Amino acid sequence: MRNHKKKLGQHFLNDKNIINKIIMSIKPKMTDSFLEIGPGEGALTTPLLGLIKDIVLIEKDKDLIPLLQNRYIESNNVQIVNNDILKCNLSNYLLGKTRIIGNLPYNISTEIIFKLLPATSHITDMHLMLQKEVVDRMIANPGSKVYGRLSVMTQVYFKVTKLFDISPNVFVPKPKVHSSYINMIPKVSPFSDNNEDKFKKLVTMMFTARRKMIKTSLRDYFDESTLKNLSINPNHRPEVLSVEDFLRISKYV
Ligand code: SAH
């Protein structure tokens, strides 16, 4: 058996029941075009292939490419791309409306999420597997200890549903962490003109100063009474602000 590359987060699914459960939850259709991030040896790709229109596989590990090419040599609806999802130009692969799947490399999963988020208009939905703690942060509500930049940015672009947790035992090699499997559906964009960029900067700035009161973080932009007019308590910390609060503030920064 080949060696798994730890630095590429290679933990391959090796359990028929879980793979079936994942494929069922995707509800594949013959008209669907897919993009898979990190197909590995094709644990998800192979069972999906006969049920869909076509799929693009983006795999960074060049040593896996010959194996994949060989495995799908007879399939004319598979495009294999040896590339890094963080470095590639996503718009080359998100033609029309695409469904995204992936059992993500956990060491770079938040970077991948941040790259995918603004692409909502080209995405039908995403089914992703991530480390459980990362999912907890993505779905956290205001006031929670793990609510932060990742929660706000994820939830402004997508409606996220956790479908189920996955034990380390179904992977080879076993990861040290637990996993969660999620569904993400794009929301209608609340942004117009240039306010997407302002929103991103505001959220980053406020969570970089997580322990500071809102009035302190925003003192260059608002006095206390303006914050109160926006229904924001100036003495609170950013972790109590909802996505809607951030949107409202960002319009006035
Ligand atoms: N989907 C497979 C493999 C999951 S492991 C399965 O479930 O069995 C994660 C996969 O992502 C590995 O194949 C790894 O080589 C690949 N990968 C790691 N970093 C990547 C990157 N930056 N871009 C694309 N693929 C990457």
Side-chain angles (χ1 to χ4, degrees), residues 1-26 28 32 34-52 54-72 75 77-94 98-117 119 123 125-135 163-184:
M1 202 168 87
R2 58 184 288 281
N3 283 328
H4 295 89
K5 294 182 183 164
K6 209 173 162 187
K7 72 174 196 321
L8 288 178
Q10 292 185 349
H11 299 280
F12 295 156
L13 277 167
N14 187 33
D15 181 297
K16 256 205 158 100
N17 291 327
I18 286 292
I19 293 172
N20 278 339
K21 202 168 159 185
I22 289 174
I23 301 295
M24 298 268 287
S25 76
I26 296 172
D32 291 339
F34 278 82
L35 173 74
E36 181 173 3
I37 301 166
E41 297 181 345
L44 295 174
T45 324
T46 300
L48 198 59
L49 207 51
L51 308 171
I52 63 174
D54 49 35
I55 190 163
V56 176
L57 311 177
I58 300 189
E59 174 55 62
K60 183 176 178 184
D61 185 356
K62 65 173 178 355
D63 295 336
L64 283 170
I65 301 299
L67 180 146
L68 289 168
Q69 281 168 342
N70 207 18
R71 187 156 292 178
Y72 302 122
S75 314
N77 59 345
V78 185
Q79 185 191 342
I80 300 164
V81 181
N82 183 204
N83 209 335
D84 182 330
I85 187 69
L86 293 179
K87 291 190 183 141
C88 73
N89 184 355
L90 268 184
S91 53
N92 292 343
Y93 309 111
L94 297 178
T98 306
R99 304 187 70 187
I100 297 183
I101 59 163
N103 165 13
L104 298 185
Y106 291 174
N107 48 341
I108 54 166
S109 59
T110 52
E111 286 166 76
I112 297 176
I113 295 289
F114 278 116
K115 177 154 183 177
L116 296 173
L117 290 176
I123 298 174
D125 65 357
M126 308 205 272
H127 285 86
L128 302 175
M129 199 182 318
L130 298 101
Q131 181 176 342
K132 183 175 179 299
E133 285 73 16
V134 173
V135 169
L163 300 179
F164 44 87
D165 289 327
I166 298 181
S167 136
N169 297 324
V170 301
F171 300 92
V172 174
K174 260 197 221 183
K176 289 204 178 71
V177 296
H178 283 258
S179 305
S180 297
Y181 177 66
I182 58 171
N183 170 230
M184 296 175 70

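The figures that follow rest on heavy atoms only: side chains count, while hydrogens, waters and symmetry mates do not. One-based numbering, in listed order, for ligands and for the atoms of each. Keep in mind that what you see is a predicted model, and the values were worked out from it rather than measured.
- Side-chain atoms of M126 and L116, non-hydrogen and from C-beta on, do get closer than 4.5 Å to each other.
- Between the side chains of S75 and N77, no donor-acceptor pair is found at a separation under 3.5 Å.
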### Task
Step by step, work out the side-chain hydrogen bond (donor to acceptor under 3.5 Å, both in side chains) result for N169 and S167.
CA-CA 5 Å; N169 297 324; S167 136; 3.2 Å; yes

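- Shown here are the salt bridge (charged side-chain N to carboxylate O under 4.0 Å, His left out) partners of D15, two or more places apart in sequence or in another chain: there are none.
- Ring planes of H11 and F171: perpendicular class, angle over 60° (limits at 30 and 60°).
- Residue-level contacts of ligand 1 at the 4.0 Å heavy-atom threshold are L8, G9, Q10, H11, F12, L13, E36, G38, P39, G40, A43, I58, E59, K60, D61, L64, N83, D84, I85, N103, P105, I108.
- Taking the side chain as every heavy atom from C-beta outward, I80 and N82 never approach each other to under 4.5 Å.
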